[in-house]
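Quick caveat: nothing in here was measured; it's all calculated off a predicted structure.
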Amino acid sequence: MARKNVAVFALKSLLAASPVLLLWAVIAFRPLWYSDEEIPYYRWNKDYCAQPHDNDVIVLGDSIANGAYLPDMLSERMVNLSLGGSAPMVGYHVLENYLSHNKVPNICYISYMEVHFATGGGTYYTRLLFSRRITPKVAYEIYNKQLDFKENPQQNNPYGNNPAETQILMLCSSPSIFLPSVKRAMYERIPPYGLREKYCKWAYQKSDLHKGSFISRNSWQNMNTQKHDATFTVSPLQDYYYRRMIALCVSKGIQVRLVKLPVNDTFWNYTEAFMDEFEAYYNGICRDFPTVTVDWFDSYGGEYCLDSNHLNLQGAVRFCTELAARYPWDFAGDGGISERTKEALADYIEVAKDYSETVALLKARLGE
């Protein structure tokens, strides 16, 4: 009788807990069902790095790098591993994760906007941890390094006042964190896709089609009437991870290219003070790592930009054309264009169909 009572109690407990267990399962195993528009390429990045590939060129950085470097325009043997909103403290771990499963590439391009040298990125919680892109071990290391360098782990945490507790809950797919997103996904629709999951699957597929580049897949333009003075500040924590990223590449025999990407000329003004600070910092990098190259690409007009920092498709195609002319040997010898790349270029041509110069460059890549 006692055993029967225990079994009945256990069954009732399981039935009572089943809604919570079901919710946890959805959160843990169906992230595209309730995530926002940027999570799919974080998930794609995680999946891609965990599988073996044979790339000669990789790209690390934030959203401006994600939008600017188009593997389809440059090489079959190239992938863009940049994550929007991320800083060098994340880029280092993406690199480490990629190298643990993949052939060592020949070249690594690294680009970040200035704000992500100054801070850890505004999307550490809402994108990186939300997508579970990093492991608990990596999150723990970053948390401790933030404390070591006296940087605030609570910065940009919208989920609570205890950063350690928040990170544990997020990495464990806790309903207490994710329930609002699940509830929103139940009634919200994204035209013309409908359910959020349908849009997220589409975004994931586009990330896969374009080998990681997603941000610049549109032709919006951005003109500004007032310029803003840019500032250059590198926090000790981001400097530590930036140098660690470069050192890991150098130790593997990877040629590192540090690139200051074009931004919106109608928005940013680079003062003499900025130029002096930039030059002093990168002179120090080059002293410590003599094999790296440092390149500055001049800003573009607003017709080539989505906003103050990000290139649109026209700008990305222009940048890739200029980059290939500067370093043609980085992208040579990939043995022609695959069917995947032909499909990807056709996708870009459809997006840029109203811009004849961009379409001509895309068709030239196709050999037309």
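Although no hydrogens or angles enter the test, the distance criterion places a donor-acceptor pair under 3.5 Å between the side chain of Gln238 and the main chain of Met89. Formation of a donor-acceptor pair under 3.5 Å by the Lys198 side chain with backbone atoms of Ile190 is not found in this model. Side chain of Asp56 to backbone of Pro105: no donor-acceptor contact under 3.5 angstrom is found. The closest donor-acceptor contact from the side chain of Asn97 to the backbone of Ser100 lies at 3.5 Å or more, if one exists at all. Not a single donor-acceptor pair under 3.5 Å links the side chain of Asp229 to the backbone N or O of Tyr270. Not one N or O on the side chain of Gln226 forms a donor-acceptor pair closer than 3.5 Å with the backbone of Thr266.
Rounded to the nearest 0.5 angstrom, Tyr355 OH and Leu362 CG are separated by 13.5 Å. Taking CG of Leu23 as the reference point, atom CG of Leu21 lies at 9.5 Å (rounded to 0.5 Å). Taking CG from Leu171 and CZ from Arg133, the interatomic distance works out to 12.5 Å, rounded to the nearest 0.5 Å. To the nearest 0.5 Å, the span separating CD on Glu350 from CG on Leu313 amounts to 11.5 Å. Taking OH from Tyr204 and CG from Leu209, the interatomic distance works out to 13.0 Å, rounded to the nearest 0.5 Å. Separation of atoms CG (Asp347) and CD (Glu343) is listed at 7.5 Å; rounding is to 0.5 Å.
For the residue pair His116/Ser86, the side-chain donor-acceptor check at 3.5 Å is not satisfied. Checking Asn66 against Ser82 by side-chain atom types alone, no donor-acceptor pair falls below 3.5 Å. Gln155 and Asn152 are not linked by any side-chain donor-acceptor pair at a separation below 3.5 angstrom, with hydrogens and angles left out of the test. Side-chain contact check for Asp307 and Asn309: no donor-acceptor pair (N or O, by modelled atom type) lies under 3.5 Å. Counting only N and O atoms by type, the side chains of Ser174 and Ser176 include a donor and acceptor under 3.5 Å apart. No hydrogens or angles considered: a donor-acceptor pair under 3.5 Å links the side chains of Ser338 and Thr341. With 3.5 Å as the limit, one finds a donor-acceptor pair spanning the side chains of Glu96 and Tyr92.
Scanning all heavy atoms of the two residues, the minimum distance from Met78 to Asn55 falls at N-OD1, 3.4 Å. Across every non-hydrogen atom of Tyr42 and Gly85, the tightest pair is OH-N, 4.4 Å. The two residues Leu366 and Ile337 make their nearest non-hydrogen contact at CA-CD1, 3.9 Å. Contact record, Ala139 with Tyr124: CA-OH, 4.0 Å, taken as the closest heavy-atom pair. Nearest heavy atom pair, residue Thr126 against residue Pro158, reads CG2-CG, 3.8 Å. Nearest approach of Pro153 to Tyr125, heavy atoms of both residues: O-OH, 2.5 Å.
Side-chain contact between Leu261 and Tyr69: present, with at least one pair of heavy atoms (C-beta onward) separated by less than 4.5 Å. Inter-residue side-chain proximity for Trp33 and Met186 is flagged as met; some heavy-atom pair is nearer than 4.5 Å. Under the 4.5 Å side-chain criterion, counting only non-hydrogen atoms from C-beta, Asn312 is not in contact with Trp220. Contact of the Leu70 side chain with the His210 side chain is not registered, since no non-hydrogen atoms from C-beta on lie closer than 4.5 Å. No side-chain heavy atom of Ser299 sits less than 4.5 Å from a side-chain heavy atom of Asn264. At a threshold of 4.5 Å between non-hydrogen side-chain atoms, the residues Val359 and Tyr348 do not count as touching. Side-chain atoms of Thr293 and Leu258, non-hydrogen and from C-beta on, never get closer than 4.5 Å to each other. Taking 4.5 Å as the limit, every side-chain heavy atom of Asp239 sits out of range of all side-chain heavy atoms of Phe117.
Figure legend: cation-pi geometry between Arg318 and Tyr300, with NZ or CZ positioned under 6.0 Å from the six-membered ring centre and within 45° of its axis. Cation-pi geometry between Arg326 and Tyr109 is not satisfied (NZ or CZ under 6.0 Å from the ring centre, within 45° of the ring normal). Both cation-pi conditions hold for Arg257 and Tyr327: the charged atom is under 6.0 angstrom from the six-membered ring centre and inside a 45 degree cone around its axis.
Ile64 and Tyr241 fall into different hydrophobic clusters, where Ile, Leu, Val, Met, Phe, Trp and Tyr residues are linked whenever their side-chain heavy atoms come under 4.5 Å apart, directly or through other members. A single hydrophobic cluster is not seen to contain both Val59 and Ile254; linkage of ILVMFWY side chains at heavy-atom distances under 4.5 Å, directly or through other members, places them apart. Two different hydrophobic clusters hold Val259 and Ile110 under the rule that ILVMFWY side chains link at heavy-atom gaps under 4.5 Å. Note on Trp329: it does not cluster hydrophobically with Val256, by side-chain heavy-atom contacts below 4.5 Å among ILVMFWY residues. Val250 and Val57 fall into different hydrophobic clusters, defined by Ile, Leu, Val, Met, Phe, Trp and Tyr side-chain heavy atoms under 4.5 Å apart, directly or through other members.
Looking at Arg189 and Glu197, no side-chain N of the basic residue comes within less than 4.0 Å of a carboxylate O on the acidic one, giving no salt bridge. Lys260 and Glu114 are joined by a salt bridge, as a carboxylate oxygen and a charged side-chain nitrogen come within less than 4.0 angstrom of each other.
More than 12 heavy-atom neighbours from other residues, nucleotides or ligands sit within 6.0 angstrom of CD on Glu37. Environment of NZ in Lys353: sparse, with no more than 12 heavy atoms of neighbouring residues, nucleotides or ligands closer than 6.0 Å. Within 6.0 Å of CD on Glu188 lie more than 12 heavy atoms contributed by other residues, nucleotides or ligands. For CG of Asp54, the number of neighbouring non-hydrogen atoms (other residues, nucleotides, ligands) closer than 6.0 Å is greater than 12. For NZ of Lys103, the number of neighbouring non-hydrogen atoms (other residues, nucleotides, ligands) closer than 6.0 Å is greater than 12. Glu272 CD: 12 or fewer foreign heavy atoms inside a 6.0 Å radius. Environment of NZ in Lys46: crowded, with over 12 heavy atoms of neighbouring residues, nucleotides or ligands closer than 6.0 Å.
In this structure, Tyr41 and Phe214 have tilted ring planes: the angle between them lies in the 30° to 60° band.
When hydrophobic residues (I, L, V, M, F, W, Y) are linked wherever their side-chain heavy atoms come within less than 4.5 Å, Leu195 remains an isolated member.
When each of Arg184, Arg43, Arg196, Arg127 is paired with Asp36, the salt bridge (charged side-chain N to carboxylate O under 4.0 Å, His left out) condition holds for Arg127 and for no other. Of the residues Arg217, Arg365, Arg340, the one that meets the salt bridge (charged side-chain N to carboxylate O under 4.0 Å, His left out) test with Asp72 is Arg340.
Taking the six-membered ring wherever Trp is involved, the centroid distance between the rings of Tyr199 and Trp202 falls below 6.0 Å. Centroid-to-centroid, the aromatic rings of Tyr98 and His53 stay 6.0 Å apart or farther. You'll find the ring centres of Phe278 and Trp296 inside the 6.0 Å limit. Here the two rings, on Trp24 and Phe178, have centers that are 6.0 Å apart or farther.
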